[in-house]
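Note that this is a predicted model, so its numbers are computed, not measured. Just so you know, ligand 1 is whichever comes first in the structure, and atom 1 is the first atom listed for that ligand.
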Amino acid sequence: MKKRFLLILSTALIFSIMSGCSGNMKQKQGEETMNMKRTLFGEANSRQIYQYTFTNAGGMSVSIINYGGIVTHLMVPDREGNPGDVVLGYDSLSVYLENNSPYFGAITGRYANRIARGKFILDDVEYQLATNNGLNHLHGGIKGLDKVVWEVKDFIFPDSAGVILTYLSKDGEEGYPGNLNITVTYTLTNKNELKIDYEAVTDKPTVLNLTHHSYFNLAGHSSGTVYNHQLLINADKYIPVDETLIPTGELLPVEGTPMDFRVFNAIGDRIGDVDGGYDHTFVLNGYDGKMRFAAHAKEPVSGRSMKVFTDQPGMQFYSGNFLDGTNIGKGNTAYQKHFGFCLETQHFPDSPNQPAFPSTVLRPGEKYQTSTIYWFGVE
Ligand code: BGC
């Protein structure tokens, strides 16, 4: 019985992948409907870039492009059922290509976050990565995974739909050792989840840390600062950093600091007490490699709410500190400081140089596998 179900499931997957998806497609089962639409979004490196939009039975939709694996739109109904776009981004591919995107909605890596001076030693060999953030390496370097064209296949089932993105990052790309085959699957479900599954294999020992970099504003991407959002983070500790945002190596208690989000606090309440705003990794409680609750954000006016679940040890809470109005986004919105916040599930920054942090080494024969779920609703 189980075998037969799996056969039907894989046949449906093969069918939906082979059929491509020009125009619209629907999958129906009872009342549940998933919808998929694909349109041409432009060209990058002489390759066509498509925008895939998936809409679920509850009216939530996500748009994803195969440049940078970028989530360009995320429509979530508010308390009254009115959809609002809750992620920052641009209207057209040309603006993403102009290279001034602060990683809006992208997959970041091969090492998301910072590696001090872009250097690390692995198996007695010193590697020098591209440096693109002062002296440090940030989010994979000059041309990270956010700026490459991914191979893409779509899939649609009665309860879920999405894209499977693949990319071969060659040995030596941005200084990293090993040919790294990466697969990122975005899935929208009828339970209002946006699930991101990451997988990778390498042919040489390497280091790896992948994440997703959406800037959220649950009141709508153009609605101003995120100060009134209530945020809860399942972390008793955070990682202090030096002036170049490299960890000092300590894990400090959040208790008695503006980092204490163990109960709901408005993002704006204590942001002024943190130099520049929040840009810190939180040490998520109970790391055992399995999925667990990481964070909960809610915006009181729209009623929209988001929960994050992950199997990763940490989560970067970044409050859009470096936005300064020069990024002109969707609908001509000048994104100002603190107009969006990121909850980037990941390993700790600079882990390759911090022996006490959980390892980010991937060896040939091993499989890197991690998942994060962003759930949306109203309350
Ligand atoms: C980092 C910030 C960085 C930003 C770039 C975030 O993930 O934590 O320090 O400036 O990405 O947009």
Item to complete: Find out whether the Lys NZ or Arg CZ of Arg292 is both under 6.0 angstrom from the six-membered ring centre of Tyr287 and within 45° of the ring's axis.
Response: no
Practice prompt. Considering only NZ, NE, NH1 and NH2 on the basic side and carboxylate oxygens on the acidic side, decide whether Glu174 and Lys143 come within less than 4.0 Å.
Written response: no
Distances under 3.5 Å, N/O of ligand 1 against N/O of the protein: list each pair and its distance.
{"residue": "ligand 1", "atom": "7 (O)", "partner": "His139", "partner atom": "NE2", "Å": "3.0"}
{"residue": "ligand 1", "atom": "7 (O)", "partner": "His213", "partner atom": "NE2", "Å": "2.8"}
{"residue": "ligand 1", "atom": "7 (O)", "partner": "Glu344", "partner atom": "OE1", "Å": "2.9"}
{"residue": "ligand 1", "atom": "7 (O)", "partner": "Glu344", "partner atom": "OE2", "Å": "2.7"}
{"residue": "ligand 1", "atom": "8 (O)", "partner": "Asp279", "partner atom": "OD1", "Å": "2.5"}
{"residue": "ligand 1", "atom": "8 (O)", "partner": "Gln316", "partner atom": "NE2", "Å": "3.2"}
{"residue": "ligand 1", "atom": "9 (O)", "partner": "Arg114", "partner atom": "NH1", "Å": "3.0"}
{"residue": "ligand 1", "atom": "9 (O)", "partner": "Arg114", "partner atom": "NH2", "Å": "2.8"}
{"residue": "ligand 1", "atom": "9 (O)", "partner": "Asp279", "partner atom": "OD1", "Å": "3.4"}
{"residue": "ligand 1", "atom": "9 (O)", "partner": "Asp279", "partner atom": "OD2", "Å": "2.5"}
{"residue": "ligand 1", "atom": "11 (O)", "partner": "His139", "partner atom": "NE2", "Å": "3.0"}
{"residue": "ligand 1", "atom": "11 (O)", "partner": "His213", "partner atom": "NE2", "Å": "2.9"}
{"residue": "ligand 1", "atom": "12 (O)", "partner": "Pro102", "partner atom": "O", "Å": "3.2"}
{"residue": "ligand 1", "atom": "12 (O)", "partner": "Tyr215", "partner atom": "OH", "Å": "3.0"}

Practice prompt. Measure the shortest side-chain to side-chain distance between Leu252 and Tyr238 over non-hydrogen atoms and say whether it is less than 4.5 angstrom.
Written response: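 Of all side-chain heavy-atom pairs linking Tyr238 with Leu252, at least one is under 4.5 Å.
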Worksheet item: Centres of the Phe216 and Tyr374 rings: under 6.0 Å?
Response: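 Under 6.0 Å, so yes.
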Worksheet item: Cluster question for you: counting only ILVMFWY and a side-chain heavy-atom cut-off of under 4.5 Å, with indirect links fine, are Ile107 and Met315 together?
Response: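 Per the 4.5 Å side-chain linkage, Ile107 and Met315 are co-clustered.
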Practice prompt. Start with the C-alpha distance between Asp350 and Arg114, add both sets of side-chain angles, then the distance that settles side chain to side chain contact (heavy atoms under 4.5 Å, CB included), and finish with yes or no.
Written response: CA-CA 6 Å; Asp350 201 30; Arg114 290 175 176 79; 5.9 Å; no
